[in-house]
Structure formats: C-alpha cells, structure tokens
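Working notes, beginning with the structure itself.
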Amino acid sequence: IFTGGGLPPDYMEKLEEALVLSDISFQTASDIINSVKKDIPGAGSITSGEFKGFLKREIKKMISKEFPPLNIDDKKGIILIVGVNGVGKTTTVAKLGNFYKNKGKKVIVGACDTFRAAAQEQLAIWGERTGIEVVSGKENQDPASVAHDAVQKLKEKDFDLLIIDTAGRLHNKKHLMEELAKIKRVIMKANSTPPDETFIIIDASLGQNSITQAAQFRELVDITGVIITKMDGSARGGIAIDVIHKLGLPVRFIGTGEKPENISDFSPEIFVEGLL
Amino acid sequence: ALSSKLEKVFKNLRGYGKLSEKNIDDALKEVRLSLLEADVNYVIVKEFIESVKKKSIGEKVMDSLTPSQHIIKIIHDELVSLLGDHEPLNIKTKPPVIIMLAGLQGSGKTTTAGKLGLYLRGLKRNVYLVPADVYRPAAVLQLKKLGSSINLPVYDTPEKDGKITQMPDEILKSAIEIAEKHAYDTIVVDTAGRLEIDEPLMEELKLLKVKFSPNEILFVADSMLGQSAVAVARAFNDSLDITGVILTKVDGDSRGGAALSIKKTINKPIKFMGVGEKLSEFEPFYGERIADRILG
Ligand SMILES: Nc1nc2c(ncn2[C@@H]2O[C@H](COP(=O)(O)OP(=O)(O)OP(=O)(O)O)[C@@H](O)[C@H]2O)c(=O)[nH]1
Ligand SMILES: Nc1nc2c(ncn2[C@@H]2O[C@H](COP(=O)(O)OP(=O)(O)OP(=O)(O)O)[C@@H](O)[C@H]2O)c(=O)[nH]1
Ligand SMILES: [Mg+2]
Ligand SMILES: [Mg+2]
C-alpha cells in the first residue's frame, strides 16, 4: 500500500513502538495499525502527518463507545470506590466528593478502610479540607458495618450522594475480594438496591495488570466504571483503550494530580491528542 | 505457557534436520509477545531478543531434538543473570547509618519503611523511623502507627493545626541529633511520593542527599509498573545515584516485567521485595524467584 509513499522505511516499527510505550497492549497496537492500513486510500503516497491523522481517528473510534450517563442523579446516590493498593482511591474519593459538592450535591463520605494504618485519619483530613462530612469507623471494625452506618446516614439525613472508600486489595486475594462482596451485599441490604456506581480506580503508571484487575473486580463485585489516576505522570494512559475497547467499561474520570480539584471528565479527544 | 507456544513452533519441523535462522526468528516472535505482555519495556525486549537470538543461533539449539527446551533455558538463564540477586544493605559504616526511601506516589514506601525497620531489628540494629513526608494527609501518623505496631521508635515530626512545621531537611537534621543521643544506629527515612518529572520535588530529594549523604537511597517501585518504569527509574537514578531497588506488591499476579526494565536500565541491585501488606511480608530479592513469572 505504501510503495512510493511518503512514509520512512521503519515507520511501522516506530509507530508500533510508540503505541506500546504508551501502555497500549501489543495486540491492540497491532490491531490499530492493521485497521488503519486497511482504510488508507489505495497506492500513492501518504505522509506521516496524514497517517497520524488516520491513527487518531481510529483510536478515537475505539474509545468513543456510547455509554449510558452516570446513574446517580435525581435520587439518593451511592458510589462505591474499589481497587488495588496505592492506586489513589482515598484521594479520588475526596476529589469526587469535592467535584459533586461544587455541582450542588450534598455529599457524605463513608470511610470503609478500617484496615490500613491511618486510613481513617487520611480521609478525615480530606473531609475537613473539602468541607464534606465523613462517616468513619474504629480501627479493625468490620468495614461492612461502617458501610451500613454510612448508608443509614444517607437515607435519614439531608444528603443526596454517598461515596464509599474501601481498603486497597489485590484481586488475587480471595478473602479480600469476599470482604468486598460482603460490603456490597450490606449496602444492597441497607439501601434495597446495589450501589448506583462501582468505580475501579486504576493507576496510569501500571501496566497490563490493570486490565486483569478490572476484569477480576468486575467478575467478583461488578464494576460500572473506571477512573484512571496519575495521568499527570509520564505514563500516557494507553491502558484506557483496552478498558473501553476490550472490557467495554466506560472511563468516567481521570485523576491529574494530588489536589481536590485534580479530577476531570474523561474526554476521548483530549486523551487521543495526549497519547500521540 | 511460553514453553508450549515454542513447542508448537517447532513441532512441525521435526524430521527436517537442522533448524534454520528463520525457525529461530519465528520462535523469538512468541518470546517477544510474551515479554511485552509481561510489561517488559518495548526497547528492553528488543535488546533482550537480540541477545537471546545470538545465543540460540548455533549447533546446540539448531541440531537439537528439543530446540524449544534449549531456547527456554537460554531465556531463563539470561533473565536470571540480568535480574541479579539480593545484595546486603550498606550498613557497615559509622552510625547512624541513613537509609532513605524514594519513589512514585503509592508505590509502598511508608509500608516498606516499617518492613525495613523490622528487618533491620532482626539484624540486631537499633532502628529509628523518620517520617519526612510533609505533604500527604496523615502520612506521619501512618508511619507512627506502623512503628508502634512493632515497638520501633519514630521521630515525632512536629505538626500544628494539621500542617507539618518542619521541612524534610530540618526533620532529618533533628532526627539525626536525637538518634545520636539515644544510640539509634540506623535511621530509615520515609519521603513523600513524587513524579520523577516534578522538578522542585526531585530537588528536595537531591538536597537531602547532598546534606546528609545517606548510606542507602532505595528506589521503591511497584512491581506492576508498565512501560514508563524505564523513564521513572532512569530519572530517579540520574538525580540521586540510587544504591538499590525494592519491588513491592509482588504478591499480586502481575508478570512483573518492570523488574527487568528497571534493572537493565539503571543496573542497580534489586535488594528486596514486598510480598504483602504485613510488615513481616518482606524478603531478599532473588532473580530466580521472578524469572519464570516474567517468562509466562
Ligand atoms: N500525581 C498524582 N498522584 C496521585 C493521584 N491520585 C492519587 N495520588 C497520590 O497517590 C498516593 C496514593 O493515594 P491514596 O489515595 O492513598 O491511594 P489508595 O488507593 O487509597 O491507597 P490504599 O488505600 O493504601 O490502597 C498519594 O500520595 C496520592 O496523593 C493523581 O491523580 N496524580
Ligand atoms: N499487597 C501488598 N500491598 C502493599 C505492599 N507494600 C505496600 N502495600 C500497600 O500499598 C498501599 C500503599 O502503600 P504506602 O506505604 O502507603 O505507599 P507510599 O509509597 O508510602 O504512598 P505515598 O506516600 O502516597 O507515595 C498500602 O495499601 C499498603 O498496604 C506489598 O508488598 N503487597
Ligand atoms: Mg486508601
Ligand atoms: Mg507514604
């Protein structure tokens, strides 16, 4: 297709390298390149700038799936936040709370990490900084009982959104995943419906294991959306493509720093520009 | 598994005599795919495959009745030798020995500080934990709680109305004075997580290095890191000339290719690995332990 084209001889290899280096899986990178090659108008020269344009279009197509809007409006909503250790759950809970508070919602937060040292205090400080009330528990209290208390407070008091933070846990730890399933069951029992949204937090600097994490968490506790944190780092977040395209999960927000305001809606346009 | 994929490549060639270079290339395509899936950096994979190819082009593999087994052995041995093994901490100098931890946000530094404390006490050291993360909410309390859970003394980083009132260099200076008074011979310093591209925060670490010449500067890296592991490790090493690496969350199920990327990029020893959230879940690193996992 490219005979006599304006593309340098090692263009395809350099392109594959660039895509993989941004944490797009090798399989998906190959699929993207092959799919663009098919769409290129016949023989004749095409410049690398033009090829890049086709590439951006192809990626944007893959990540612009139609997803239903967030399920938390016009009623008392519950968002459950889950994910492996250290990805940014607690900070994201604070950011999300602040985000919705600025949109006029009356937010309350449930501090259901009763395991890790100073987890309760970390969220309490965030609550003070953002002016959001936090329902907390005692160290080593059953996290499901803190979740229960938080749901009761949402129902009985004048709040319209509850965001629940949970302890980090690796998806291959069966007993920890069962603990999470129990937290979810308790929320369901107290609220008569499951949480409106369950977001897995994934860290942009991590590799392909994030896809395994999302798949496993979904299988064991059901996931309705993804938030990708640390997009302000040097990792390009290519993992978002497989989250949307391979797992069919929406990326709802991205985290772009350590302050409460460092959260934004996921935009396919901005993402693709930043990727290439 | 990779071994069965390689078997498949070669099984149709039995009885045709010696293997060709093309056969080796086909086998190495599978190896390349496997290493990329394991999160080994793209550029590092390229170099690794070229080195394996050189070793595979030769009679031993090409005349063999079991070429896939030979290639697997070449790859396994190459991985183990590249990954290296545990090297002891540099604690033989005049006390107080200073061990400083650094790394990206959430990699496991604070927990690892506690683990190192427990490990060093096992080596009969008199450990003092120092919380020098002045940014993260409740970071100081987190290290204090970990320290108290194993009865280790922790420097009381001063706070007022929720704000820390000393900067990291003042914290370490005061902590060293106290350590000398109480004959604590080993200080483990926890620092705030930071992006390697955050110049002011990288300067903060450089300043600590210049002022206090830590005996060990350990880069704490999440074993699940992806392609950016190379850039991150290189930047921390260029800034601080780190003395070693600690891989965390190795109890997960990620293939851990970042270990190879990091080791090959900065060539500093991977000294330990974290294998759980408990302070006891900490082991000396041996390349053999994760080579097969990276291979897949
Ligand atoms: N640069 C950057 N740092 C972030 C972002 N989100 C979180 N962090 C940092 O990542 C570190 C870990 O954040 P936490 O919120 O404690 O993560 P967690 O998932 O709750 O951790 P565990 O509860 O221990 O599993 C902290 O230093 C945060 O400030 C982000 O979007 N960008
Ligand atoms: N499963 C597992 N979890 C770990 C390991 N090491 C640390 N963690 C967990 O990872 C999360 C983050 O650990 P921290 O020690 O807070 O990480 P940090 O690097 O100090 O984070 P910042 O100070 O925000 O940069 C916590 O939930 C720890 O319990 C490990 O080896 N295995
Ligand atoms: Mg947390
Ligand atoms: Mg810390």
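Residue numbers begin at 1 in each chain, while the letters A, B, ... track the order of the sequences.
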* Would you mind reporting whether B/L141 and A/Q122 have side-chain heavy atoms less than 4.5 Å apart? => no
* To do: To the nearest 0.5 angstrom, please state how far the OG1 atom of B/T110 sits from the CZ atom of A/R116.
  => 8.0 Å
* To do: Calculate, to the nearest 0.5 Å, the distance between atoms CG and OG belonging to A/L206 and B/S107 respectively.
  => 10.5 Å
* Sort A/E139 into side chain, backbone, both or neither according to what part of it lies under 4.5 angstrom from a heavy atom of chain B. => side chain
* To do: Could you have a look at A/L123, A/D232, A/D203, A/T90 and say which one has the most heavy-atom pairs with chain B under 4.5 angstrom?
  => A/D232
* **More than 12 heavy atoms from other groups under 6.0 Å of NZ on A/K182** => no
* Asked: Can you tell if the side chain of B/P137 reaches within under 4.5 Å of the side chain of A/R129, non-hydrogen atoms only?
  -> yes
* Structure fact -> When the 4.5 angstrom heavy-atom criterion is applied to B/L33 and chain A, the contacting part is side chain
* Structure fact -> So, the part of B/D251 with a heavy atom under 4.5 Å from chain A: the answer is both
* **Validation row: B/R255, A/Q208 side chains within 4.5 angstrom (heavy atoms)** => no
* **Heavy atoms of other groups near B/R289 CZ, more than 12 under 6.0 Å** => no
* Asked: Which atom names give the shortest non-hydrogen contact between A/T212 and B/D253, and what distance separates them?
  -> CG2-OD2, 4.1 Å
* **Residue pairs passing the side-chain hydrogen bond (donor to acceptor under 3.5 Å, both in side chains) test where at least one lies in residues 233-245 of chain A, sequence neighbours excluded** => A/S25-A/D242, A/T28-A/D242, A/S234-B/E196, A/D242-A/K246
* To do: Counting only heavy atoms closer than 4.5 Å, note whether A/V87 contacts chain B via side chain, backbone, both or neither.
  => neither
* Asked: chain B heavy atoms under 4.5 Å from A/L170: which part of the residue, side chain, backbone, both or neither?
  -> side chain
* Asked: Using non-hydrogen atoms only, which part of B/D222 is less than 4.5 Å away from chain A: side chain, backbone, both, or neither?
  -> side chain
* Structure fact -> Answer key: most heavy-atom pairs under 4.5 Å with chain B among A/E17, A/E128, A/Q216 is A/E17
* Asked: Hey, mind stepping through B/K145 and A/E121 against salt bridge (charged side-chain N to carboxylate O under 4.0 Å, His left out) and telling me if it holds?
  -> CA-CA 11 Å; B/K145 289 197 177 205; A/E121 291 86 347; 3.0 Å; yes
* Asked: Rounded to the nearest 0.5 Å, how far apart are OH of B/Y42 and CG of A/D23?
  -> 14.0 Å
* To do: Evaluate the side-chain proximity of B/E277 to A/K173: yes if any heavy-atom separation is below 4.5 Å, no if none is.
  => no
* Asked: Of the backbone (N, CA, C, O) and the side chain (C-beta and beyond), which part of B/V232 lies under 4.5 Å from a heavy atom of chain A, both, or neither?
  -> side chain
* Say you draw a straight line from CE of B/M224 to OG of A/S205; how long is it, rounded to the nearest 0.5 Å? -> 9.0 Å
* Asked: With a 4.5 Å heavy-atom cut-off, do A/V84 and B/K249 have their side chains touching?
  -> no
* Asked: Are A/E258 and B/R194 close enough for a salt bridge, meaning some N to O gap below 4.0 Å?
  -> no
* To do: Evaluate the criterion side chain to side chain donor-acceptor pair (under 3.5 Å) for residue pair B/D39 and A/N209; output intermediate values, then yes/no.
  => CA-CA 9 Å; B/D39 289 321; A/N209 192 256; over 6 Å; no
* Asked: Hey, are the side chains of B/N41 and A/L21 touching, using non-hydrogen atoms and a 4.5 Å cut-off?
  -> yes
* **chain A interface, residue from B/K144, B/E37, B/R136 that has the most non-hydrogen pairs under 4.5 Å** => B/R136
